[in-house]
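Just so it is clear: chains get the letters A, B, ... in the order the sequence lines come, proteins before strands, and each one is counted from 1.
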Amino acid sequence: MRDVIAARAVPFRGGGFLPRTSRATAFLAFIALLAVWQAAVSLRWISPVFLPSPYEIGRALLELATSGALWEHLSVSLVRIASGWVLGTACGLAAGTAMALFSLARSVGLPMVSALFPIPKIALLPLLILWLGIGEISKVTTIALGVFFPTVIAVYSGIDSVPRNLIRMAQSFDVPFRDIVRKIALPGALPSILSGMRVSASIALLLLVSAEMIGAERGIGAFVLQAGNLMQTDQLMAGVTVLSALGLTIGTVLSWVERKLLAWR
Amino acid sequence: MRLSIEIRSHAFDELQVLEGIALDVEDGEIVAVIGPSGCGKSTLLGIVGGLIRPTDGSVTTHGVLPAGTLNPFTFVFQDFALLPWRSVADNVAFPLEHHGLSRAERDGLVRDALARTGLSDFARAIPKQLSGGMRQRVGIARALVVRPALLLMDEPLSALDAQTRELLMEDFLALWLRDRVTALYVTHNLDEALRLADRVVVLSRRPGRIKRIVPIAIPQRERAGGSAAATLSGLREELWSLIRDEAAVADREMVHA
């Protein structure tokens with residue numbers, strides 16, 4: 001005799017694995033964190049000497065801004081990071097393009113880049129100070145070196161991964177080499193180049209602060225170090241907040257550039 | 001313009017790909033090339049189009065090129081090979097940009113090619129906004145804009161679904177009947193070859209040799225009708241019998257390679 005089986009719905013099993021972000025949740029979480037932090041310091045659960053409250057940090061930041069000290073340090077840092085980043089990016093673009101297109105440049109460049117890329121560039125600062133002096137050039141060079149290697153790799157691998165069929169298509173129309181580079185290789189490598197810029201900008205910021213902590217009197221890194229030495233933790237945290245804002249601004253600008261230039265993706 | 005292909009042999013390193021290919025393509029003719037996977041069909045096209053240097057052999061043209069041709073040997077690619085960051089019109093204009101044409105001349109040629117391929121309303125779209133069939137239309141428009149003497153079509157419909165393939169075949173035939181552009185058409189699809197070609201060249205498995213050349217005497221415009229069905233069906237049987245065993249062996253070779 002056959003069993004009678006009651007009708008039942010097929011259970012849904014396809015849920016999950018679709019995480020989403022919510023701006024409102026992120027904002028509320030941030031506010032909650034600040035509130036807990038403020039409460040913990042105000043109730044003396046945490047000593048303000050070791051961790052000042054958000055209110056104290058905000059006040060220190062306002063004082064720095066109104067006294068002009070913030071701009072004095074920030075302007076020096078901005079000039080250093082911009083000079084180092086532009087120099088490193090320009091050289092990286094040239095070297096990466098050459099390595100992607102020419103056998104000689106690839107044969108010479110690839111082993112060198114592979115060998116030198118892993119060296120933490122801040123370790124070279126003392127040597128660069130010996131060679132170039134304690135002034136701006138050694139700091140800018142350190143940042144440029146840090147930016148150069150990830151840029152070379154991003155450009156080289158970006159051009160290398162441009163679909164071969166696009167190059168063949170251009171060759172089949174007798175398009176000159178220079179036009180193939182300009183109109184296919186570089187635009188095709190742009191996604192990789194821009195993500196390389198994101199990495200190199202983070203490295204530049206890291207090296208800026210490190211270089212300023214080692215050998216500078218002005219700049220946000222030097223300011224943070226001095227504040228730490230004097231146990232002015234509210235000033236120190238104000239400096240860290242400025243660095244965070246600087247990193248966020250660079251990231252936002254790069255995201256905007258990506259949206260504009262890579263709308264075709 | 002007549003084309004003579006004489007490839008005594010072609011190898012990639014140790015791998016012998018083509019051997020003893022001798023083929024003439026007459027002016028205004030469509031010659032389809034079929035054969036098992038890996039038999040060297042696309043390599044043959046690459047050699048004819050000057051993208052691959054043959055190990056031993058040559059390709060020569062006889063007679064005058066069509067007036068105003070900017071790129072006598074022009075490819076239409078299987079994967080369309082469109083520049084994804086350029087609009088349809090800019091993709092079609094791409095092969096004209098290094099010919100020193102004025103902006104007005106270039107725009108005129110692009111407008112004409114877009115009109116002939118039914119793309120005028122999509123000039124500002126970018127490739128990702130188009131279906132596969134429309135993308136291949138852009139590929140064909142880009143090929144036509146340089147007024148080619150010979151179209152080298154490398155499985156141009158194989159990336160498309162059956163319905164789109166049918167529609168594009170009709171369009172291609174209409175274009176060809178109007179302009180009579182000579183074409184070398186590589187395909188896996190016997191029906192495409194029977195629908196479009198004047199002659200079908202059957203290659204053997206690797207190293208590819210010409211196994212047989214099958215002429216199709218029925219005019220292209222009559223092939224869609226029922227009266228040609230029996231003849232075409234017979235030809236299809238003949239072509240399939242020529243490649244079936246070789247295709248099976250080639251398939252096993254590919255799997256074990």
* Let me see the working for B:Leu196 and B:Thr187 under side chain to side chain contact (heavy atoms under 4.5 Å, CB included), right down to the final yes or no. => CA-CA 11 Å; B:Leu196 300 173; B:Thr187 180; over 6 Å; no
* Asked: Can you tell me how far the CG atom of B:Leu114 sits from the CG atom of B:Leu144, to the nearest 0.5 Å?
  ->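 CG of B:Leu144 is found 10.5 Å from CG of B:Leu114.
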* To do: Quick one: pull up CG in A:Leu207 and OG1 in A:Thr142 and give me the separation to the nearest 0.5 Å.
  =>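 So the gap between those two atoms works out to 7.0 Å.
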Identify which part of [X] has an atom lying under 4.5 Å from any heavy atom of chain A, answering side chain, backbone, both or neither.
X	answer
B:Arg86	side chain
B:Leu96	neither
B:Ile126	side chain

* Could you name the residues of residues 143-162 of chain A that have a heavy atom within less than 4.5 Å of a heavy atom in chain B? ->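 Counting heavy atoms that sit under 4.5 Å from chain B, no residue of residues 143-162 of chain A is involved.
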* **Residues in residues 171-192 of chain A that sit under 4.5 Å from chain B, counting heavy atoms only** =>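 Interface residues of residues 171-192 of chain A: A:Gln171, A:Ser172, A:Phe173, A:Asp174, A:Val175, A:Pro176, A:Asp179, A:Lys183, A:Ile184, A:Pro187, A:Gly188.
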Using a 4.5 angstrom heavy-atom cutoff, name the option from [options] with the most pairs to chain A.
options	result
B:Thr74, B:Val146, B:Leu152, B:Asn71	B:Asn71
B:Phe73, B:Phe80, B:Phe94	B:Phe94
B:Arg142, B:Glu97, B:His99	B:Arg142

* Asked: Between B:Arg116 and B:Asp112, is there a salt bridge with N-O shorter than 4.0 Å?
  ->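 Result for this pair is yes, salt bridge flagged.
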* Asked: Would A:Glu212 and A:Lys139 pass as an ion pair if we require N to O under 4.0 Å?
  ->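 Between A:Lys139 and A:Glu212 there is no salt bridge, as every charged N stays at least 4.0 Å from the carboxylate O atoms.
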* Run the numbers on A:Met99 and A:Val113 for side chain to side chain contact (heavy atoms under 4.5 Å, CB included), then give the verdict. => CA-CA 10 Å; A:Met99 277 166 57; A:Val113 169; 4.1 Å; yes
* To do: Using the six-membered ring of B:Trp176, assess whether NZ or CZ of B:Arg178 lies under 6.0 Å from its centre and within 45 degrees of the ring axis.
  =>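 Checked: cation-pi criterion not met.
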* Are there more than 12 heavy atoms of other residues, nucleotides or ligands under 6.0 Å from atom CG of A:Leu248? ->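 Check passes, neighbour count above 12.
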* So with a 6.0 Å cut-off around CG of B:Leu70, is the heavy-atom count from everything else above 12? ->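 Yes, enclosed.
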* Using distance alone, with no hydrogens and no angle criterion, decide if A:Ser255 and A:Arg198 have a side-chain donor and acceptor under 3.5 Å apart. =>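 Short answer, yes.
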* Please determine, by modelled atom types, if A:Ser200 and A:Trp85 share a side-chain donor-acceptor pair under 3.5 angstrom. =>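 Yes, because at least one side-chain N or O of A:Ser200 sits under 3.5 Å from a partner of the opposite role on A:Trp85.
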* To do: Walk me through it: do B:Leu184 and B:Ile5 pass the test side chain to side chain contact (heavy atoms under 4.5 Å, CB included)?
  => CA-CA 11 Å; B:Leu184 201 54; B:Ile5 303 165; 4.1 Å; yes
* With under 30° as parallel and over 60° as perpendicular, where do the rings of B:His10 and B:Phe12 fit, or are they tilted in between? ->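 If you compare the ring of B:His10 with that of B:Phe12, the planes turn out perpendicular.
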* Side chain, backbone, both or neither: which part of A:Ala263 has a heavy atom under 4.5 Å from chain B? ->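 Contact with chain B: backbone only.
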